[in-house]
Amino acid sequence: MTTESNPRTLVTGAGGFIGHHLVTSLKQHGYWVRGVDTHPPQYTAGNADEFELRDLRRFDECLLATRGIDHVYALAADMGGMGFISANHATILRNNALINIHTLEAARMNGASRYLFSSSACVYPEHLQSDADVRPLREQDAYPANPQDAYGWEKLITERLCLEYTGEYGLETRIVRFHNIYGPYGTYDGGREKAPAALCRKVAEAETGGEVEIWGDGQQTRSFCYVDDCVEGIYRLMQSNYREPLNLGSEDMVTVNELARMIIGLSGKGGVTLRHVDGPQGVRGRNSDNHQLRKVLGWEPSVTLSQGLEPTYRWIEKQVASRPPRAAARPGRDDQPASRTQSGSASRNDSAAGNAVAVNAATDLHR
């Protein structure tokens, strides 16, 4: 039975990296959870009470996904690392705009009471991130708006839409801006992986005395937030009364070179060096300002980068070691652009869109 303390919950993008971790966390909190994505989790067993395969670019599919749901955690997105983002601007903007607008309206029509939208640090203006020694980004820095790419623009537009839905319809919306989430059981090859996973894979593939390629000079900076901290922050924000966008990330900034050397150190491989090559790098520097996060939630991420990289590298190392030789990825450039075949939340086969398949939680599935 649904109660205010035990709402029926939907996680969109539940076949993805953060989404499947969030489903597990919500189940541990005692929630009934429906997961929705175009594919089930790839690397672990899914444990949602219901898992449905749906193309959320379609409004009719969103209506079915949100039926009987009280709380929506909207994590579905078509995205990847810089290689994919820099080569697929129109695809990303089109697919994600459709997903976001349709899911939010369907949730309202079906009577959901709360809706959390997963935004991104990519909403911040490019000119504030042109220096590696960047000032940490505050929530109010998003305006005047000037995101670097289409991915940032569609996130910013949906943030505004959430705020307007609260004002006009009374739907309680929450907005979280992720800053570089990483951890085990996520994409680590194929072109959509993020920098920590790509570097873990490349170090795992490297021989002793070998080399790892990095796009650019490696002096670009980022902060990285471990996935366990991420899902805890998501849950705390959904329970709060805070309606404005909120950063969720680490304040510990490192260069990409430093990140790579930390992973090499974890590997125990001697003599592995870095080779810098041309390639998309994103903004020059990015870091999270967590002042508002601490104020609103009385909490902030606590897993250090070295603590989080240990299980992340060990899991990816195991995946690389277990691949048959014919399937091994060619060592080389991290975050290579993927083909335009969609994963994430857009359909991988448009002709099959709309065919929903319910997957029992006991089935051995995940991405």
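No hydrogens, no waters, no symmetry mates; every other heavy atom, side chains included, goes into these values.
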Colleague: Quick one: ring-ring contact (aromatic ring centres under 6.0 Å, His included) partners of Trp153, sequence neighbours excluded?
Modeller: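 Testing Trp153 for ring-ring contact (aromatic ring centres under 6.0 Å, His included), a comparison that skips the adjacent residues, returns none.
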
Colleague: Is the shortest side-chain heavy-atom distance between His291 and Arg138 below 4.5 Å?
Modeller: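 A side-chain contact is absent here, since even the closest heavy-atom pair is not under 4.5 Å.
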
Colleague: Got a sec, which residues hit side-chain contact (heavy atoms from CB on, under 4.5 Å) with Gln292, two or more places apart in sequence or on another chain?
Modeller: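 Testing Gln292 for side-chain contact (heavy atoms from CB on, under 4.5 Å), a comparison that skips the adjacent residues, returns Glu139, Tyr242, Leu246, Lys295, Val296.
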
Colleague: My understanding is that only residues two or more places apart in sequence, or in another chain, count here; which of them pass ring-ring contact (aromatic ring centres under 6.0 Å, His included) with His29?
Modeller: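 With sequence neighbours excluded, His29 shows a ring-ring contact (aromatic ring centres under 6.0 Å, His included) to Tyr235, given in chain and number order.
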
Colleague: Quick test of your reading: applying side chain to side chain donor-acceptor pair (under 3.5 Å), list the pairs with at least one residue in residues 97-106, sequence neighbours left out, ordered by first then second residue.
Modeller: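 Counting only pairs at least two positions apart or across chains, the side chain to side chain donor-acceptor pair (under 3.5 Å) contacts touching residues 97-106 are Asn100-Glu154, Asn100-Thr158, Glu105-Arg108, Glu105-Tyr165.
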
Colleague: Please verify the inter-ring angle class for Tyr43 with Tyr188; under 30° counts as parallel, over 60° as perpendicular, anything in between as tilted.
Modeller: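 Tyr43 vs Tyr188 ring planes: tilted.
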
Colleague: Within the structure provided, determine whether Leu26 and Tyr73 are in side-chain contact (heavy-atom separation under 4.5 Å).
Modeller: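 Yes; the side chains approach each other to less than 4.5 Å.
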
Colleague: Restricting to side-chain contact (heavy atoms from CB on, under 4.5 Å), what partner residues turn up for Val303, sequence neighbours left out?
Modeller: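 Result, side-chain contact (heavy atoms from CB on, under 4.5 Å) vs Val303: Tyr226, Asp229, Gln307.
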
Colleague: Applying salt bridge (charged side-chain N to carboxylate O under 4.0 Å, His left out) as the test, list every pair that has at least one member in residues 166-180; sequence neighbours left out.
Modeller: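 Matches after skipping sequence neighbours: Glu159-Arg177, Glu172-Arg174, Glu172-Arg243.
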
Colleague: Give me the other members of the hydrophobic cluster that Met109 sits in, counting Ile, Leu, Val, Met, Phe, Trp and Tyr linked by side-chain heavy atoms under 4.5 Å, directly or via other members.
Modeller: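 Same cluster as Met109: Phe59, Leu63.
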
Colleague: I'd like to check the side-chain contact (heavy atoms from CB on, under 4.5 Å) partners of Arg160; sequence neighbours left out, ordered by chain and number.
Modeller: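 With sequence neighbours excluded, Arg160 shows a side-chain contact (heavy atoms from CB on, under 4.5 Å) to Tyr143, Leu163, Glu164, given in chain and number order.
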
Colleague: So, do Phe178 and Cys225 sit near enough that their side-chain heavy atoms are less than 4.5 Å apart?
Modeller: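 No; the side chains remain at least 4.5 Å from each other.
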
Colleague: Just wondering, are more than 12 heavy atoms of other shown residues or ligands nearer than 6.0 Å to NE2 in His276?
Modeller: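 Counting neighbours around NE2 of His276, more than 12 heavy atoms of other residues, nucleotides or ligands fall under 6.0 Å, so yes.
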
Colleague: Write out all pairs satisfying salt bridge (charged side-chain N to carboxylate O under 4.0 Å, His left out) with one or both partners inside residues 12-32, taking only residues at least two apart or from two chains.
Modeller: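 Applying salt bridge (charged side-chain N to carboxylate O under 4.0 Å, His left out) to every pair that reaches into residues 12-32, excluding sequence neighbours, yields Lys27-Asp49.
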
Colleague: Any carboxylate oxygen within less than 4.0 angstrom of a Lys/Arg side-chain nitrogen, looking at Glu205 and Arg323?
Modeller: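 Salt bridge between Glu205 and Arg323, a charged N being under 4.0 Å from a carboxylate O: yes.
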
Colleague: Could you identify which residues cluster with Met253, counting Ile, Leu, Val, Met, Phe, Trp and Tyr as linked when any side-chain heavy atoms lie under 4.5 Å apart, either directly or through a chain of such contacts?
Modeller: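 Grouped by the 4.5 Å side-chain rule, Val134 form the rest of the cluster around Met253.
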
Colleague: Residues in salt bridge (charged side-chain N to carboxylate O under 4.0 Å, His left out) with Asp217, at least two apart?
Modeller: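 Salt bridge (charged side-chain N to carboxylate O under 4.0 Å, His left out) list for Asp217, sorted by chain: Arg284.
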
Colleague: Could you tell me which residues satisfy side-chain contact (heavy atoms from CB on, under 4.5 Å) with Ser306, sequence neighbours excluded, listed by chain and number?
Modeller: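 Testing Ser306 for side-chain contact (heavy atoms from CB on, under 4.5 Å), a comparison that skips the adjacent residues, returns Met262, Thr304.
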
